[in-house]
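All remarks here apply to the structure that follows.
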Amino acid sequence: MTKLGRQIGIGPTDNTSDQRTPRKRLRLIPAAARESFVPCVPARVLTRQNEWDMTRISPDLTRGDGVPIEVTGTVRTESGRPLRNTLLEIWNANHYGRYRHIEDHSGLKLDEHFLGMGRVVTDDDGNYRFWTISPGAYLARPDIGRWRPKHIHLSVSGGSARLITQMYFPDEPNNVTDPMAILMGDAFERNIGKTYDTPGIDVEKGFRFDVVVGGRNATFFE
Amino acid sequence: MTQHRRNALKSTNEDTCGPYFPIYFEDESLEDLTSIHPGVIGGASGQHIILRGRVLDRHGDLANGVVMEFWQANAKGIYRTPRTAGHPDIDPWFFGYGRLRSASGEYSFRTILPGAADGRAPNITVTLFSDGISRIVTQVFFADQPGNNRDPLLLELDDVDRARLMARPDGRTVDGAEVYRLDIVMAGENETPFFDDFVS
């Protein structure tokens, strides 16, 4: 008899969530099979020179439109161990809410000077830093007037740590109607970047976003 | 293995990768685990296979833009982790981690048929990231492997669910790789069983 685990919630007003969320509860994994569910991602250092600075396509070119920001943080396991040499793949929409992904047919304005995709690797203390243009919100459900709030996508992989998440922005009215934010409930607060001033750095403001990779994945090989 | 829960930091919530996971991040070496690079002699040991199929939503439509990750043992049944470093059966040309993004929702992953790890039948752990969900994970097996009837994960499932995780040869061979097919159904009728790797 299968032992049952969590039921995944369906994001309210999110059509794709309704289409793709399993309706059955997740099955528990028997002890003998647990280890086989924990991947160990080999170290990949695929970053090109300028990938940490997404505000411009290359160092010699003009910046993209909008507000240049810095995002920094530390990546750790739940027990506080820093995750070093961990790859962060980052992507966000431009100032107008448009992605340079070939499947974004929203018709929102493309920015000639912005790519919106970058990669950084954490240092020996688990710290990362990147610059980007603050992304625009965009109308995800024109029929009901629901906007995706400003957000930056981050995919974290290194060793057995594996997490895809988003950083949101403080005091954004669209946060409260976002389906994923609603599912997170009180825990959503942890996905909001914390502002800091950036005097002397060539960005308008900074956001601190510490990442804690939870669950068995991050700690399995400690 | 003990997890120290005292003073545990609260984990960052997983979130959806949305519809626009960058194709720009693609890495062909993660889509074909049999070869290091077309310009390099040598590669992983074992029988080449292609695992192929469709990822479907609850209406039977293709899950466009799905990101799939794979994790498996090598042909001798050894996973490559810090715990197996130095093991004599490690294949130096094989890590066992793969990733692809499917624009259409149809997937094709070339790899080595995994060997049976200790006490298990040959299997590949498959993780789906997609718009509309954060992450779901399952494990795929291969029809007619003798160890299937003793595998501890398969023994937890009824016959119907067991069949939903069984990849079957479809009679084709492509560039020396036998093709196995399995559709993964994210929700609804014929829903694939998914597993809770946080709690269990």
Side-chain angles (χ1 to χ4, degrees), chain A residues 2-3 5-6 8 11 14 16-24 26-30 32-37 39-42 44 46 76 78-80 89 91 99 101-104 117 119 153 155 159-160 163-166 180 184 187-188 190-191 211-217 219-221, chain B residues 1 3-4 7-20 22-25 27 57-59 61 63 65 69 71 79-83 95 97 103 117 119-120 123 125 129-137 139 152-153 156-158 186-188 191 193-200:
Chain A
T2 315
K3 299 168 193 63
R6 291 174 295 141
I8 301 178
D14 184 341
T16 313
S17 186
D18 178 78
Q19 289 154 10
R20 300 186 186 182
T21 301
R23 294 306 197 267
K24 294 188 180 165
L26 302 178
R27 324 306 167 87
L28 294 184
I29 302 168
R34 278 185 201 142
E35 189 156 350
S36 64
F37 277 81
C40 194
V41 183
R44 290 180 297 144
L46 294 176
R76 280 182 289 228
E78 277 175 320
S79 62
E89 292 161 303
W91 67 106
Y99 289 89
H101 194 288
I102 55 174
E103 293 166 19
D104 182 343
M117 304 167 203
R119 285 171 281 211
H153 291 272
S155 170
S160 62
L163 170 73
I164 293 188
T165 190
Q166 295 181 32
M180 281 294 174
M184 291 180 206
F188 175 68
R190 291 204 289 283
N191 279 55
V211 176
V212 178
V213 185
R216 65 180 25 267
N217 282 12
T219 58
F220 201 84
F221 297 115
Chain B
M1 189 266 308
Q3 287 190 352
H4 300 284
N7 301 319
L9 299 173
K10 290 199 176 139
S11 55
T12 304
N13 303 298
E14 296 190 273
D15 207 325
T16 182
C17 66
Y20 306 134
I23 303 169
Y24 176 78
F25 293 153
D27 182 348
D57 71 12
R58 76 178 183 93
H59 302 293
D61 292 329
E69 293 195 353
W71 173 243
Y79 288 93
R80 194 147 174 188
T81 74
R83 288 191 188 159
F95 283 98
Y97 168 75
R120 303 293 314 280
N123 67 81
T125 299
F129 299 94
S130 161
D131 189 26
I133 62 161
S134 57
R135 178 179 66 96
I136 52 179
V137 59
Q139 215 161 63
L153 191 90
E156 295 272 316
L157 303 174
D158 63 25
M186 298 174 79
E191 185 175 304
F194 296 102
F195 294 89
D196 194 342
D197 62 348
F198 271 177
V199 173
S200 46

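So you know, we letter chains A, B, ... as the sequences are listed, proteins then strands, and number each from 1. Every value quoted in this text rests on a predicted model; they were computed, and no experiment measured them.
- No other option in A:Ile102, A:Thr165, A:Ile164 has as many heavy-atom pairs under 4.5 Å with chain B as A:Ile164.
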When you look at A:Leu163 and B:Arg135, which way does the side chain to side chain contact (heavy atoms under 4.5 Å, CB included) test go after all the steps? CA-CA 9 Å; A:Leu163 170 73; B:Arg135 178 179 66 96; over 6 Å; no
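- Put simply, of B:Ile136, B:Thr12, B:Asp57, B:Val137, the one with the most heavy-atom pairs under 4.5 Å next to chain A is B:Thr12.
- Remark: A:Gln166 CD to B:Glu14 CD distance equals 12.0 Å, nearest 0.5 Å.
- B:Ala63 touches chain A through backbone and side chain together, each having a heavy atom under 4.5 Å away.
- If you measure heavy-atom distances from A:Asp104 to chain B, the contacts under 4.5 Å come from both the backbone and the side chain.
- Partner of B:Asp196 under the side chain to side chain contact (heavy atoms under 4.5 Å, CB included) criterion, out of A:Ile29, A:Ile8, A:Leu28: A:Leu28 alone.
- Looking at B:Phe194, both its backbone and its side chain come within 4.5 Å of chain A, counting heavy atoms on both sides.
- The contact between B:Arg120 and chain A is made entirely by side chain atoms (from C-beta outward), counting heavy-atom distances below 4.5 Å.
- Looking at heavy atoms from C-beta onward, B:Arg58 lies out of side-chain contact with A:Thr21 at the 4.5 angstrom threshold.
- With respect to chain A, the highest number of heavy-atom pairs below 4.5 Å among B:Cys17, B:Ser130, B:Pro152, B:Gly65 belongs to B:Cys17.
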For side chain to side chain contact (heavy atoms under 4.5 Å, CB included), just list the numbers for B:Asp61 and A:Gln19, CA-CA rounded to whole Å, side-chain angles, deciding distance to a tenth of an Å, and then say yes or no. CA-CA 9 Å; B:Asp61 292 329; A:Gln19 289 154 10; over 6 Å; no
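- With chain A as the partner, the residue from B:Asn13, B:Asp131, B:Thr125, B:Ile23 showing the most heavy-atom pairs under 4.5 Å is B:Asn13.
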Run A:Glu89 and B:Tyr24 through side chain to side chain contact (heavy atoms under 4.5 Å, CB included) and show every step you take. CA-CA 10 Å; A:Glu89 292 161 303; B:Tyr24 176 78; over 6 Å; no
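- The two residues A:Glu103 and B:Pro19 make their nearest non-hydrogen contact at OE1-O, 4.0 Å.
- In this structure, the ring pair (Phe, Tyr, Trp, His ring centres under 6.0 Å) partners of A:Phe188, at least two apart in sequence or on a different chain, are A:Tyr168.
- Here the CH2-OH distance, from A:Trp91 to B:Tyr20, works out to 13.0 Å after rounding to the nearest 0.5 Å.
- Shown here are the side-chain hydrogen bond (donor to acceptor under 3.5 Å, both in side chains) partners of B:Asn123, two or more places apart in sequence or in another chain: B:Gln139.
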Test log, rule side chain to side chain contact (heavy atoms under 4.5 Å, CB included), inputs A:Arg27 and B:Glu156: CA-CA 9 Å; A:Arg27 324 306 167 87; B:Glu156 295 272 316; over 6 Å; no
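- Only the side chain of A:Met184 comes within less than 4.5 Å of a heavy atom in chain B; its backbone stays farther off.
- Here the closest heavy-atom approach between residue A:His101 and residue B:Pro22 is recorded as CD2-CA, 4.0 Å.
- Ranked by non-hydrogen atom pairs under 4.5 Å with chain B, the options A:Ser155, A:Ser36, A:Pro42 are led by A:Ser36.
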